[in-house]
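Report on the structure given below.
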Amino acid sequence: MERTCILIKPDAVCKNSTGAILDRLAKVGLELRAAKMMRLGVQQAEDFYGEHKGKPFYDPLIQFMTSAPIVATVWEGVGAIQKARQVMGSTNSSEAAIGSIRRDFGTNNRYNVVHGSDSGTSAEREIRFFFKPEELYVYQENDWKV
Ligand code: IDP
Ligand code: MG
């Protein structure tokens, strides 16, 4: 089992695509462990995307990510990181695979509706960035049948 951090970016939230995107992730068998809506501050966005500091797209990326709320989520499953990256599609929405989340909901290589962790190390860091351990929920299929 593996966990991955998926962010629904401001473009998706503003277009009311949040629910449809979460549904795509659920449909590939990933299980939701945590979810939180928030508006990122500039410092938070800079910390989150620290690895991209100095790149030409960095400043506009920070502006974009702080422009409106996001929904931060954690999903768990076998090979969750790759599974999520696969269903998300490649970075540039206009070149992402047909049927992928980015192709169907995104615009281009900046406005691409989702973030997904790219490795186990990033996933751990990103999950810790948004959630306290007690905000991650583990549950079983039949738990609701009390
Ligand atoms: P990823 O989100 O597919 O992992 P990264 O290379 O980690 O892609 O870039 C982080 C984010 O920065 C992208 O999701 C996208 O929003 C933005 N970005 C990446 N490359 C470009 C670019 O060439 N132009 C504009 N924005 C970009
Ligand atoms: Mg990345």
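In what follows, every heavy atom counts, from backbone to side chain, and hydrogens, waters and symmetry copies are set aside. When a ligand or atom number is given, it counts from 1 through the structure's own listing order.
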Self-check item: Cluster link Ile8 to Ile101, ILVMFWY, side chain under 4.5 Å
Solution: yes
Self-check item: Selected option - heavy-atom contact closest to atom 4 (O) of ligand 1, from Met65, His115, Glu51, Arg85
Solution: Arg85
Quiz item: Are Gln63 and Asp59 close enough that a side-chain donor and a side-chain acceptor fall under 3.5 Å?
Solution: no
Self-check item: side-chain contact (heavy atoms from CB on, under 4.5 Å) between Leu136 and Val74, intermediate numbers included
Solution: CA-CA 8 Å; Leu136 292 159; Val74 176; 3.8 Å; yes
Quiz item: Where does Lys9 meet ligand 1, judged by heavy-atom distances below 4.0 Å: at the side chain, the backbone, both, or neither?
Solution: side chain
Exercise. Examine ligand 1 and decide if any of its atoms is less than 4.0 Å from a heavy atom belonging to Lys55.
Key: no
Quiz item: Do you reckon Met88 sits in the same ILVMFWY cluster as Ile70, going by side-chain contacts under 4.5 Å, direct or chained?
Solution: no
Quiz item: Hey, is Asn112 touching ligand 1 through its side chain, its backbone, both or neither, going by heavy atoms under 4.0 Å?
Solution: side chain
Quiz item: Among Asn109, Leu7, Asp118, which residue places a heavy atom closest to atom 23 (O) of ligand 1?
Solution: Asn109
Quiz prompt | Side chain, backbone, both or neither: the part of Arg102 lying under 4.0 Å from ligand 1 by heavy atom | solution = side chain
Quiz item: Looking at Thr91, which atoms of ligand 1 are within less than 4.0 Å of one of its heavy atoms?
Solution: 1 (P), 3 (O), 8 (O), 13 (C), 19 (C)
Quiz item: Side-chain heavy atoms under 4.5 angstrom apart, residues restricted to Ile, Leu, Val, Met, Phe, Trp, Tyr: same cluster for Ile127 and Leu30?
Solution: no
Practice problem: Taking only heavy atoms of His52 into account, list the atoms of ligand 1 that are under 4.0 Å away from them. | Solution: 5 (P), 6 (O), 7 (O), 9 (O), 10 (C)
Practice problem: Would you please indicate yes or no on a ring centroid separation below 6.0 angstrom for Phe129 and Phe48? | Solution: yes
